[in-house]
Engineer: 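Questions regarding the structure given below will be posed in turn.
Indexing begins at 1, ligand by ligand and atom by atom, following the structure's order. We count residues from 1, following the sequence as given.
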Amino acid sequence: MLLHIPEVLNPHEVARLRNALDLAEWTDGSETVGALGAQVKRNQQLPDASPLRHELGQIVLAALARNPLYHAAALPARVLPPRFNRYADQGTYGNHVDGAVMALPGGAQVRSDVSCTLFLNPPDAYDGGELIIEDTYGEHEVKLAAGDLILYPSSSLHRVQPVSRGARLAAFFWIQSLIRDDGQRRLLFEMDSSIQRLLGSGADQRAVLQLTGVYHNLLRRWAET
Ligand code: NI
């Protein structure tokens, strides 16, 4: 499932991140991928150990914590600390699939089920830089407003088009979901959205309660914690 979540960050948070990233010291992004990825990845990242990465990551995680749409869609069990990247001067990241298992700072491992990119500057600030995601329906081109997030299955082939003017700034991170399977996660998301709409429509309360029970019992049946 591909989902656009608007206004994850408010304009104040976007400005705070942008101001910090404008002064940041960047490193070569190919350092955090394997040999295959390094052949196609040409961008910059905040170093993993940088205090700034941690500080800005906390702002992103706090914004996610208050976003019900994100929780309903991702059903997060574990989230890797956000990273920040910058594409400029024809910077690009060719077709790749994200690594399946990643290490947390303490050594624990996280399976990547859901990938997220949070756009940090406006689309008219740079040319190119579209995130292209391939799924069974074809290719989807994504270039969002500053503060907006795209959520997509980590299993999908994707790339970032070369940036020919300006710079593209984004945060990105991976989630191990309570629900490993993308199709099951999508069903739960659609049922949850439907229940929320019924709650606001004055529908029969007993029927809504019953449907809510079905949602939680499916979650109980499928969830891995
Ligand atoms: Ni990727």
Side-chain angles (χ1 to χ4, degrees), residues 1-5 8-9 17 21 26-48 50 53 56-57 60-61 64 70 73-105 109-121 123 126 128-144 146-164 167-177 180-182 185-186:
M1 177 174 71
L2 247 69
L3 185 71
H4 170 192
I5 306 182
V8 167
L9 299 178
L17 266 62
L21 292 176
W26 298 89
T27 188
D28 185 344
S30 63
E31 288 168 6
T32 55
V33 287
L36 201 60
Q39 290 174 18
V40 293
K41 187 176 182 187
R42 287 205 307 275
N43 69 357
Q44 297 173 298
Q45 283 180 198
L46 288 191
D48 274 2
S50 124
R53 177 207 173 198
L56 302 185
V60 171
L61 293 175
L64 293 171
Y70 161 78
L75 294 169
R78 298 188 193 108
V79 182
L80 278 147
R83 288 180 173 146
F84 296 83
N85 61 18
R86 181 176 186 273
Y87 291 80
D89 305 320
Q90 301 297 326
T92 181
Y93 195 168
N95 267 331
H96 66 280
V97 175
D98 296 336
V101 179
M102 308 199 192
L104 276 171
Q109 294 187 315
V110 176
R111 187 187 62 238
S112 61
D113 296 320
V114 179
S115 299
C116 289
T117 296
L118 176 59
F119 288 75
L120 296 178
N121 61 347
Y126 55 97
E130 297 84 1
L131 173 64
I132 311 286
I133 302 165
E134 287 185 20
D135 67 12
T136 48
Y137 294 103
E139 290 195 345
H140 305 270
E141 191 177 293
V142 182
K143 186 169 176 174
L144 302 179
D148 286 17
L149 179 137
I150 185 82
L151 180 151
Y152 59 101
S154 300
S155 54
S156 61
L157 195 65
H158 56 275
R159 65 180 183 272
V160 176
Q161 298 288 70
V163 170
S164 57
R168 174 198 196 265
L169 295 171
F172 62 104
F173 54 95
W174 293 275
I175 299 151
Q176 179 171 327
S177 178
R180 179 197 293 239
D181 181 77
D182 186 63
R185 201 180 320 112
R186 183 190 184 121

Engineer: Can you name the side-chain contact (heavy atoms from CB on, under 4.5 Å) partners of Gln109, sequence neighbours left out?
Structural biologist: Val101
Engineer: With a 3.5 Å cut-off and no angle check, do the side chains of Ser112 and Asp98 form a donor-acceptor pair?
Structural biologist: no
Engineer: Once you round to the nearest 0.5 Å, how far does OG1 of Thr27 lie from CD of Gln45?
Structural biologist: 8.0 Å
Engineer: Applying side-chain contact (heavy atoms from CB on, under 4.5 Å), name anything that partners Asp89, two or more places apart in sequence or on another chain.
Structural biologist: none
Engineer: So, does His96 use its side chain to make a donor-acceptor pair with the main chain of Leu157 at under 3.5 Å?
Structural biologist: no
Engineer: Restricting to under 2.8 Å, identify the protein N, O or S atoms around the Ni ion (ligand 1) as residue plus atom.
Structural biologist: His96 NE2, Asp98 OD1, His158 NE2
Engineer: Looking at residues at least two apart in the chain, or sitting in another chain, which of them share a salt bridge (Lys or Arg N to Asp or Glu O under 4.0 Å) with Asp182?
Structural biologist: Arg185
